[in-house]
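Quick caveat: nothing in here was measured; it's all calculated off a predicted structure. Ligands are counted one by one from 1 in listed order, and the atoms in each one are counted from 1 as well. One-based numbering along the sequence shown. Keep in mind that the numbers below use all heavy atoms, side chains included, and drop hydrogens, waters and symmetry copies.
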Amino acid sequence: MTTVRFAPSPTGQIHLGNARPALLNWLYARANAGKYVLRFDDTDLERSKREYADAIETDLAWLGVSPDLIVRQSERFDLYNAARDRLVAMGRLYPCYETPDELDRRRARARAMGRPPIYDRAALSLTDEDRAKLEAEGRKPHWRFKLDAKPVTFNDLIRGEQTVNTASMSDPVLIRGDGTYLYTLPSVVDDIDLGISHVIRGEDHVSNSGVQIELFEALGATPPVFAHHNLLTDEQGQGLSKRLGSLAIAELRADGFEAIAVATMATLTGTSVAIEPVASTDELATKLDFSMISHGPARYAPAELESLNARILHAMPYDVAAPRLKALGLEGEAMWLALRENLKRFDDITDWARLISGPVASAASADDTAFLAEAAALLPQEPWDETTWRDWTSALKETSGRKGKSLFEPLRLALTGRHDGPELRILLPLIGRKACLDRLA
Ligand code: GLU
């Protein structure tokens, strides 16, 4: 059974960069008939907020991701405490008393002597009396995981064989002096408890994976398969930080982008798959396998989202648009087909629909009043179709002697109030004779 998880910390909104692992996990679960766990990494009780967690659920639902299970680390401390006790009993988790200042000084000294600035494990040689003395001074221990200090090799589904040498790392702190857990231990305990088969996350976690594999093994579990994807960056290759509020999923939604356009950009940027409109995240799942994810950064270009969004709207069938049109108080397949090519955002349709239903304020120049009256006199009787425009303007060309822009532009400005827009050949029958006469007058 394939089981994956997306594990955000609910300390803020998720943005496009977070949507990438959210979706890659989702697509992997879909493609393998697997299960998707949404795990809130909310052990930091100060910074984590329920409202952020709820907002993340809303954002995921909008993107088309519906978790099979939601867990909150803040409700699972018993499991972490049990794992902590086992590791302490095995001697793999040990108390340390150094203050941050002492650690800084030791790192500086190590560097000065040309040694790597890694933790020297001094705390491992403390005797019971030493510890009792330190605690009597009021020091509270933080707890480090004793690494195996050896190369850890794993086969990454995206990056191929990876080796992380834990000999070059400090024993990681799993529990702070105030007793709170850092990310590492709860993550591994949950991955074991929830039967996570594949950990799919950003490549900033590759060396964590080395540590975590040792922790899985220390806890008697087989490590999951890992897949580390490239991170989304801006066009210059800089990381997308949370400061980029405009890339928050909620912001993109408020901006009127199609969810599937955002999901596609989050997924396919930085892969060898061409960015084209798809109907659903299920369709995305059929397009992407992990071998197509590139190893370099995934540069996100806002113009590509704009263009993809427009292409999705321009090709959107009426039956897909109809319920959304209805919500805007609009209907009509001919209207939709005539106007959809002009849309940047779905809701732009409200403005464009006014070209048909009015009101339209003529933008024609007063100099053209006589010409427009002449045009009105020549307007054919209904019924109209897409040949009406050609017949009408040919006749008008004859009588007025105008051609090209001087013939067409005043008509467009009078009939639509603007320079650009759909072909009048198509619009004319939708506007109808009576409204045309009003606008020409
Ligand atoms: N909360 C962690 C993060 O957002 C989860 C990483 C993981 O997937 O293990 O970085």
Quick one, list the residues around ligand 1 where some non-hydrogen atom comes in under 4.0 Å, by chain and residue number. R5, A7, S9, D41, Y183, S187, R201, H205

Test item: N342 side-chain N/O and L339 main-chain N/O as donor-acceptor pair under 3.5 Å: yes

Indicate yes or no: does R5 engage D190 in a salt bridge with an N to O separation below 4.0 Å. no

Could you tell me if D289 and Y28 have a donor-acceptor pair between their side chains, going purely by distance under 3.5 Å? no

Which side-chain hydrogen bond (donor to acceptor under 3.5 Å, both in side chains) pairs, counting each pair once, include a residue from residues 123-132, with sequence neighbours left out? T127-D130, D128-R131

I want to know whether Y183 and H205 have ring centres closer than 6.0 Å. yes

Give the ring-plane orientation class for Y94 versus Y119, where under 30° counts as parallel, over 60° as perpendicular and anything between as tilted. parallel

